[in-house]
K.L.:
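Take a look at this one; I'll ask things after.
Since we're looking at a predicted model, the values are computed, not measured.
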Amino acid sequence: MENKRKLLRLRVGDFLEIRSLNEVARIYKAKAQDVTPMGICFSSEMEWKKGQVLSIDYFVPDEFDSVKLKIAVVWSEFISTEEGYFCGGEITEVEKEKQDIFTSYYFQKIQSQSHE
């Protein structure tokens, strides 16, 4: 079986705020587990369904503001009552004005993790 992952997944613990596009007024807190410029895995107390489109505020460390992402949920798995759900999504859109911040963060993480 061919490995679809062409980009290095980086372990992170970054803070997220998630909104379903169907109910934008409700905000759910979550934590990114790993990230690439194409996708994100995160833990959440909320169950997200495959195919659901979410708006995510990704709080890049050392930045003053979040980067807005739109993702399509690819999978969601219940882990435990303490940890909630582990979800994976494909990034379909990155806030245009902050694309450089998001990609720079990814490449800086690659550099720092390769020196550890």
K.L.:
Just do the side chain to side chain contact (heavy atoms under 4.5 Å, CB included) check on Tyr58 and Ile71 with the steps written out, would you?
P.N.:
CA-CA 11 Å; Tyr58 193 109; Ile71 72 158; over 6 Å; no

K.L.:
Quick one: closest heavy-atom pair of Phe86 and Cys41, and the distance?
P.N.:
CZ-CB, 3.9 Å

K.L.:
Considering all heavy atoms of both residues, which atom of Tyr106 and which atom of Val35 are nearest to each other, and what is their separation?
P.N.:
CE1-O, 3.6 Å

K.L.:
Please collect all side-chain hydrogen bond (donor to acceptor under 3.5 Å, both in side chains) contacts where either partner lies in residues 90-99, sequence neighbours excluded, each pair once.
P.N.:
Asp65-Lys98

K.L.:
How many angstroms lie between CZ in Arg19 and OH in Tyr28, if you round to the nearest 0.5 Å?
P.N.:
11.5 Å

K.L.:
Distance check, rounded to the nearest 0.5 Å: Ser55 atom OG versus Ile18 atom CD1?
P.N.:
9.5 Å

K.L.:
So, taking the atom named CD1 in Ile91 and the one named CE in Met38, what distance separates them when rounded to the nearest 0.5 Å?
P.N.:
8.5 Å

K.L.:
Please round to the nearest 0.5 Å and tell me the distance separating atom CZ of Phe42 and atom NZ of Lys31.
P.N.:
14.5 Å

K.L.:
Side chain to side chain contact (heavy atoms under 4.5 Å, CB included) between Ile101 and Glu63: does it pass, once the steps are laid out?
P.N.:
CA-CA 9 Å; Ile101 292 171; Glu63 290 294 325; 3.8 Å; yes

K.L.:
Take Gln33 and Ser43 through the side-chain hydrogen bond (donor to acceptor under 3.5 Å, both in side chains) test and state the conclusion after the steps.
P.N.:
CA-CA 7 Å; Gln33 299 297 322; Ser43 56; 2.9 Å; yes

K.L.:
Check for a donor-acceptor pair, side chain of Ser66 on one end and backbone N or O of Lys68 on the other, with a separation under 3.5 Å.
P.N.:
no

K.L.:
Is the CD atom of Glu45 crowded by more than 12 outside heavy atoms at less than 6.0 Å?
P.N.:
no

K.L.:
Going by ring pair (Phe, Tyr, Trp, His ring centres under 6.0 Å), name the residues that satisfy it together with Phe59, two or more places apart in sequence or in a different chain.
P.N.:
Phe15

K.L.:
Drop me the distance from Ile40's CD1 to Arg9's CZ, to the nearest 0.5 angstrom.
P.N.:
10.0 Å

K.L.:
Between Leu10 and Thr36, is any pair of side-chain heavy atoms under 4.5 Å apart?
P.N.:
no

K.L.:
Name the residue from Ser76, Ser20, Cys87 that meets the side-chain contact (heavy atoms from CB on, under 4.5 Å) definition with Gln52.
P.N.:
Ser20

K.L.:
So, does Ser112 use its side chain to make a donor-acceptor pair with the main chain of Lys109 at under 3.5 Å?
P.N.:
yes

K.L.:
Specify the closest pair of heavy atoms between Asp100 and Thr103, including all atoms of both residues, with the distance to one decimal.
P.N.:
O-OG1, 3.4 Å

K.L.:
Does any non-hydrogen side-chain atom of Val12 lie less than 4.5 Å from one of Tyr105?
P.N.:
yes

K.L.:
If every non-hydrogen atom of Pro37 is compared with every non-hydrogen atom of Phe102, which pair is closest and at what distance?
P.N.:
CA-CE2, 4.1 Å

K.L.:
Mind checking the CG-CG spacing from Leu16 to Leu69? Nearest 0.5 Å is all I need.
P.N.:
8.0 Å

K.L.:
Please name the pair of heavy atoms, one in Lys49 and one in Val73, separated by the smallest distance, quoted to 0.1 Å.
P.N.:
O-CB, 3.3 Å

K.L.:
Work out which heavy atom in Asp14 is nearest to a heavy atom in Pro61; give both atom names and the distance.
P.N.:
OD1-CG, 3.4 Å

K.L.:
Do Phe78 and Val74 sit in one hydrophobic cluster, given that two such residues count as connected whenever their side-chain heavy atoms are within less than 4.5 Å of each other, even indirectly?
P.N.:
no

